[in-house]
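Here the structure comes first, spelled out in structure tokens, and everything after it is commentary.
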Amino acid sequence: MIQDYHDFLGEILIPEAKLKARVRELGEEVSRDYQGKQILAICILRGGVMFLTDLIRHIEPQVAIDFMGVSSYGVGSRESDGQVRITLDLTTSIAGENVLIVEDIVDSGNTLNSVIELLRTRNPASIEVCALLNKVSRREVDVPIKYCGFEIPDKFVFGYGLDMDEYYRNLPFIGVVDLEKYEPEI
Ligand code: IMP
Ligand code: MG
């Protein structure tokens, strides 16, 4: 049985209304910066999905989307080992495009760093990062985040796209996991 999230929810860190307001602001900021240009928004699966679909509703310039599957750690683990695997590649060419990487959270920075390195080899016109959450204190590799939703403390969070062992992505808020109360399915 998958545990009810109420059993391990430490606190609601970012409620739904706050997420909505901030995502709108980010979309407006992106719109101002890319006025008259086309954007290719690349969503990092799977955590970035909710954020992408909400964000692009507030983007006015022409925007296309594509998806990249990246896995930095497996079920049961809570941090990336620096070994980033591409599990699904883009279907469009990014040569000459203004790429906007849309990511749920930047933690050590390993995932984004690898993705940026890979995408650079494909000659886009530009690459910028839009990340909903930023755990600054955990950074191991420096990555340029142009658009950042919220800086958050070093706590494991879930909801609004982010998972605990693949579940709870559907919740409309960002919650903190009380790891002592969380019981993974075995
Ligand atoms: P990084 O490579 O260490 O920056 O890790 C980035 C990836 O780890 C993100 O794309 C998330 O999928 C995942 N991640 C990091 N912190 C959390 C968290 O608190 N909750 C859920 N997923 C997380
Ligand atoms: Mg994840």
Side-chain angles (χ1 to χ4, degrees), residues 1-3 5 8 13-14 19 23 40-56 64-94 97 99-122 124 127-177 179 182-186:
M1 279 285 280
I2 302 294
Q3 215 179 349
Y5 77 85
F8 60 78
L13 189 65
I14 313 173
L19 280 171
V23 171
L40 175 60
I42 295 182
C43 175
I44 307 300
L45 296 174
R46 295 187 270 265
V49 161
M50 289 245 190
F51 180 37
L52 173 92
T53 55
D54 284 345
L55 181 73
I56 60 173
I65 60 174
D66 203 347
F67 299 88
M68 185 165 233
V70 178
S71 128
S72 21
Y73 51 73
V75 165
S77 171
R78 305 278 168 255
E79 48 192 278
S80 68
D81 51 11
Q83 297 290 313
V84 177
R85 286 162 292 270
I86 303 295
T87 55
L88 179 80
D89 205 344
L90 304 173
T91 53
T92 45
S93 160
I94 65 167
E97 299 287 343
V99 167
L100 182 66
I101 300 176
V102 179
E103 170 69 304
D104 54 353
I105 185 166
V106 187
D107 188 25
S108 69
N110 285 315
T111 305
L112 255 189
N113 189 50
S114 306
V115 168
I116 292 171
E117 267 181 19
L118 172 68
L119 294 184
R120 273 199 209 293
T121 65
R122 301 181 185 177
I127 303 187
E128 298 293 355
V129 174
C130 181
L132 180 68
L133 307 174
N134 185 5
K135 276 191 206 170
V136 208
S137 62
R138 298 255 309 166
R139 202 58 36 83
E140 290 168 18
V141 198
D142 193 33
V143 280
I145 305 176
K146 177 135 187 208
Y147 307 97
C148 171
F150 302 90
E151 286 193 3
I152 64 163
D154 179 12
K155 290 179 176 169
F156 208 82
V157 292
F158 68 107
Y160 196 70
L162 292 103
D163 68 306
M164 278 298 285
D165 300 334
E166 293 303 327
Y167 286 87
Y168 315 106
R169 296 187 195 271
N170 53 316
L171 298 170
F173 55 82
I174 301 279
V176 173
V177 183
L179 287 167
Y182 175 71
E183 291 161 13
E185 224 203 0
I186 26 160

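The basis for the numbers below is simple: all heavy atoms, side chains too, and nothing from hydrogens, waters or symmetry mates. Nothing fancy with the numbering, it's 1 onward along the sequence.
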Please assess Leu162 against Leu133 for the test side-chain contact (heavy atoms from CB on, under 4.5 Å), listing each intermediate value before the final yes or no.
CA-CA 10 Å; Leu162 292 103; Leu133 307 174; 4.0 Å; yes
Run Val102 and Ile56 through side-chain contact (heavy atoms from CB on, under 4.5 Å) and show every step you take.
CA-CA 10 Å; Val102 179; Ile56 60 173; over 6 Å; no
Verdict with reasoning, Val23 to Leu132, per side-chain contact (heavy atoms from CB on, under 4.5 Å)
CA-CA 8 Å; Val23 171; Leu132 180 68; 4.2 Å; yes
Begin from the C-alpha positions of Arg169 and Asp104 and carry the test salt bridge (Lys or Arg N to Asp or Glu O under 4.0 Å) through to its verdict.
CA-CA 11 Å; Arg169 296 187 195 271; Asp104 54 353; 5.5 Å; no
For Leu119 and Ile101: C-alpha separation, side-chain torsions, deciding distance, then whether side-chain contact (heavy atoms from CB on, under 4.5 Å) applies.
CA-CA 10 Å; Leu119 294 184; Ile101 300 176; 3.9 Å; yes
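Remark: Phe51 CZ to Leu19 CG distance equals 9.5 Å, nearest 0.5 Å. Annotation: the span from Arg138 atom CZ to Asn110 atom CG amounts to 10.0 Å, rounded to 0.5 Å. The distance from atom CD of Glu128 to atom CD1 of Ile145, rounded to the nearest 0.5 Å, is 11.5 Å. Of the inter-residue distances, the one linking Arg46 atom CZ with Asp163 atom CG reads 7.5 Å to the nearest 0.5 angstrom. Here the CG-CG distance, from Asn134 to Asp107, works out to 9.5 Å after rounding to the nearest 0.5 Å. To the nearest 0.5 angstrom, Ser108 atom OG is 8.0 Å from Arg139 atom CZ.
Val84 and Thr111 get closest at one heavy-atom pair: CG2-CA, 3.7 Å. Annotation for Thr87 and Val70: closest pair OG1-N, 3.6 Å, computed over non-hydrogen atoms. Of all heavy-atom pairs between Ile127 and Pro124, the closest is CG1-CG, 3.5 Å. Val49 and Cys43 get closest at one heavy-atom pair: N-SG, 3.7 Å. Summarising the geometry of Leu55 relative to Cys130, their closest heavy-atom pair is CD2-SG, 4.0 Å, with the distance given to 0.1 Å. In terms of heavy-atom proximity, Gly69 sits nearest to Leu45 at CA-CB, 4.0 Å.
Not a single donor-acceptor pair under 3.5 Å links the side chain of Lys155 to the backbone N or O of Val177.
Within the 4.5 Å cutoff, side-chain heavy atoms of Leu13 are placed close to those of Val157. Using a 4.5 Å cut-off on side-chain heavy atoms (C-beta onward), Phe150 and Ile174 make no contact. Between Ile152 and Ile105 the shortest side-chain heavy-atom distance falls below 4.5 Å.
Aromatic ring pairs are classed by plane angle as parallel below 30°, tilted from 30° to 60° and perpendicular above 60°; the pair Phe158 and Phe8 is tilted.
Within 6.0 Å of CG on Asp154 lie more than 12 heavy atoms contributed by other residues, nucleotides or ligands. The environment of Phe67 atom CZ is dense: over 12 non-hydrogen atoms of other residues, nucleotides or ligands sit within 6.0 angstrom.
In this view, Tyr168 satisfies the side chain to side chain donor-acceptor pair (under 3.5 Å) rule with no residue, not counting sequence neighbours. Residues forming a side chain to side chain donor-acceptor pair (under 3.5 Å) with Thr53 (at least two apart in sequence, or on another chain): none. Shown here are the side chain to side chain donor-acceptor pair (under 3.5 Å) partners of Arg120, two or more places apart in sequence or in another chain: there are none.
Note: Phe156 and Tyr182 fail the aromatic proximity criterion, with ring centroids not under 6.0 Å apart.
Between the side chains of Thr92 and Asp66, at least one donor-acceptor pair of N or O atoms lies under 3.5 Å.
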